[in-house]
Amino acid sequence: MIKDVLMGLWEASGFAALTADGVFLWQNLVMILVSFVLLYFAIAKKCEPLLLVPIAFGILLANLPGAGLMDDPTGLMDTSNIVEGAHWYDTGVLRLIYAGVKSSIFPCLIFLGIGCMTDFGPLLSNPVSLLLGAAAQLGIYVAFVVAILLGFTPNEAASIAIIGGADGPTAIYLTGKLASHLLGPIAVAAYSYMALIPFIQPPIMKLLTTEKERKVEMKQLRKVSKTEKIVFPVVVLVICAFILPSVAPLLGMLMLGNLFKECGVVDRLSDTAQNALMNIVTILLGLTVGATTNGATFLKLETLKIVALGLMAFCFSTVGGLLLGKLLYIITGGKVNPLIGAAGVSAVPMAARVAQNEGRKYNPTNFLLMHAMGPNVAGVIGSAVAAGFLLAMFGN
Amino acid sequence: MLSANILSMKMPLSEALAVSLIGIATVIVILAVIACLIILVSKAIRAIEAKTSSEKEETPAPAPAAPMAKGTSAGQVELINTNEKEAAVIMAIVAEKTGLSLERLSFKSIKLMEDEKKGDENK
């Protein structure tokens with residue numbers, strides 16, 4: 001009797017599940033170790049902890065043998081492991097939450113929160129910033145071509161390329177629509193590179209700009225009126241959505257959030273969207289994105305290719321912004337500091353901070369942050385437009 | 001949108017290059033259009049606002065205010081054991097924290113609370 005109980009306990013344990021059907025699931029163990037490393041970086045090194053802690057914990061949960069948190073026995077999202085007679089409520093709890101990613105609800109809600117937190121003032125006072133935000137999408141299209149050359153399908157190539165937009169929710173949104181089987185590696189790569197911006201961008205900045213250019217002090221931005229700030233989100237949404245309707249879900253939520261912030265009559269909604277709602281969705285999004293990285297499907301050569309392509313996309317996006325910055329430096333007779341072009345990748349406000357820090361290294365009295373915030377928030381619009389274009393091309 | 005057959009197959013390099021070029025051009029054109037619109041809309045809004053403010057200035061000025069009592073600063077704020085510089089800083093902080101401009105705020109008095117200050121220091 002006691003032996004039967006102990007045997008049953010052993011068979012139900014994760015240790016037994018690790019060697020189920022005579023196959024040792026070493027990939028799950030590797031992914032558990034990866035989650036520990038990511039947790040270390042998030043907690044000890046404070047690398048994007050708000051995102052990395054839930055993502056790393058999602059990786060841990062999804063790779064616990066036998067826990068079944070991402071099981072999909074009814075084939076709600078994955079038809080490869082359908083179990084006869086299973087009900088929807090037999091689905092793993094993280095798989096059910098993952099519906100928010102698959103249906104694009106989470107990325108759109110994150111954009112709502114970002115809109116509430118974004119001040120488009122620097123962009124409105126210097127609209128040329130928008131061009132820098134556009135040029136900094138170069139990496140997306142370079143990575144797309146290289147991904148095609150490496151044998152990815154157009155849908156996969158487009159999803160991988162969007163990592164160059166340096167915008168996590170946009171990458172998740174597009175990948176969820178075009179190549180959801182790649183969501184795990186793409187999301188992890190996108191967020192990892194966003195966290196690594198202070199290490200990736202400075203060498204490229206140094207390489208492509210001269211010391212004289214890096215020392216340029218820019219004149220103070222004009223004050224933007226409240227009316228301009230209220231009109232801006234409405235105008236941008238209408239123009240973009242009429243030209244590229246596929247951009248409406250992301251940009252619509254971003255601009256709704258910004259209107260909440262700027263109109264001044266819905267402070268409670270703005271507060272909820274940028275604090276409580278944003279935090280809830282970040283937990284659910286991070287956790288379920290991490291949970292998509294099941295060892296058996298994640299540890300492949302394909303993942304390494306995606307990680308490499310993502311890094312390349314990031315670098316080329318930085319190059320695109322810097323090169324246009326240099327062009328503006330020449331056209332304006334040295335009034336534009338090219339470093340702000342690198343902030344055109346849309347990792348807000350990290351990329352702008354990097355431009356500020358690099359500028360101050362060469363001119364301690366220089367204050368580029370507000371000038372860099374213009375291209376930075378333009379990058380958010382630019383990457384959303386780029387995603388809309390790719391969706392219009394390759395979406396079903 | 002490209003056909004389903006093309007999407008499931010590998011794409012020729014020439015086609016990928018074409019998609020990339022059109023893609024980056026689309027992003028630049030859309031953002032350039034937005035930039036132009038921002039410039040136009042901003043100019044229009046500033047012109048309207050300038051016109052409105054000049055109309056306000058043309059309206060007859062109100063009767064001069066009564067002379068200020070001693071210890072009262074500009075804007076009818078009674079200052080008790082506080083100098084004007086400190087009062088200005090406090091008013092600026094209140095405006096910043098509440099998100100309201102100084103024109104929309106009304107300060108009655110600013111008083112240095114000696115006892116409470118000492119109490120705080122002892123905590």
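Just so it is clear: chains get the letters A, B, ... in the order the sequence lines come, proteins before strands, and each one is counted from 1.
More than 12 heavy atoms of other residues, nucleotides or ligands shown are found within 6.0 angstrom of OH on Tyr329(A). Within a 6.0 Å radius of NZ in Lys335(A), other residues, nucleotides and ligands contribute 12 heavy atoms or fewer.
When heavy atoms are compared at a cutoff of 4.5 Å, Leu124(A) approaches chain B by way of both its backbone and its side chain. Using a 4.5 Å cut-off between heavy atoms, Val33(B) touches chain A through its side chain atoms alone. Contacts between Leu244(A) and chain B at a heavy-atom distance below 4.5 Å involve the side chain alone, from C-beta outward.
Among all heavy-atom pairs drawn from Leu131(A) and Ala32(B), the shortest one is CD2-CB, 3.9 Å. Heavy-atom minimum distance, Ala378(A) versus Leu31(B): O-CD2, 3.9 Å. When all heavy atoms are compared, the tightest approach of Ala16(B) to Val145(A) is O-CG2, 3.9 Å. Residues Pro127(A) and Ala35(B) approach most closely at O-CB, 3.5 Å, considering heavy atoms. In this structure, Ile34(B) and Cys240(A) approach most closely via the heavy-atom pair CD1-SG, 3.4 Å.
Residue pairs meeting the ring-ring contact (aromatic ring centres under 6.0 Å, His included) criterion with at least one partner in residues 11-57 of chain B, sequence neighbours excluded, do not occur; the list is empty.
Close approach to chain A, defined as a heavy atom under 4.5 Å from one of its heavy atoms, is seen in Val41(B), Ser42(B), Ile45(B), Arg46(B) of residues 41-48 of chain B, taken by number.
One finds the CZ atom of Phe242(A) at 13.5 Å from the CD1 atom of Ile30(B) (value rounded to the nearest 0.5 Å). Remark: Leu37(B) CG to Ile239(A) CD1 distance equals 4.5 Å, nearest 0.5 Å. With values rounded to the nearest 0.5 angstrom, Ile148(A) atom CD1 is found 11.0 Å from Ser14(B) atom OG. Rounded to the nearest 0.5 angstrom, Leu17(B) CG and Tyr141(A) OH are separated by 14.0 Å. Taking CE from Met11(B) and CZ from Phe144(A), the interatomic distance works out to 4.5 Å, rounded to the nearest 0.5 Å. Interatomic distance, CD of Gln137(A) versus CD1 of Ile28(B), reported as 9.5 Å (0.5 Å rounding).
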Quick one, Val29(B) with Ile243(A), criterion side chain to side chain contact (heavy atoms under 4.5 Å, CB included). Give me CA distance, side-chain angles, the key distance, then yes/no. CA-CA 10 Å; Val29(B) 167; Ile243(A) 299 174; over 6 Å; no
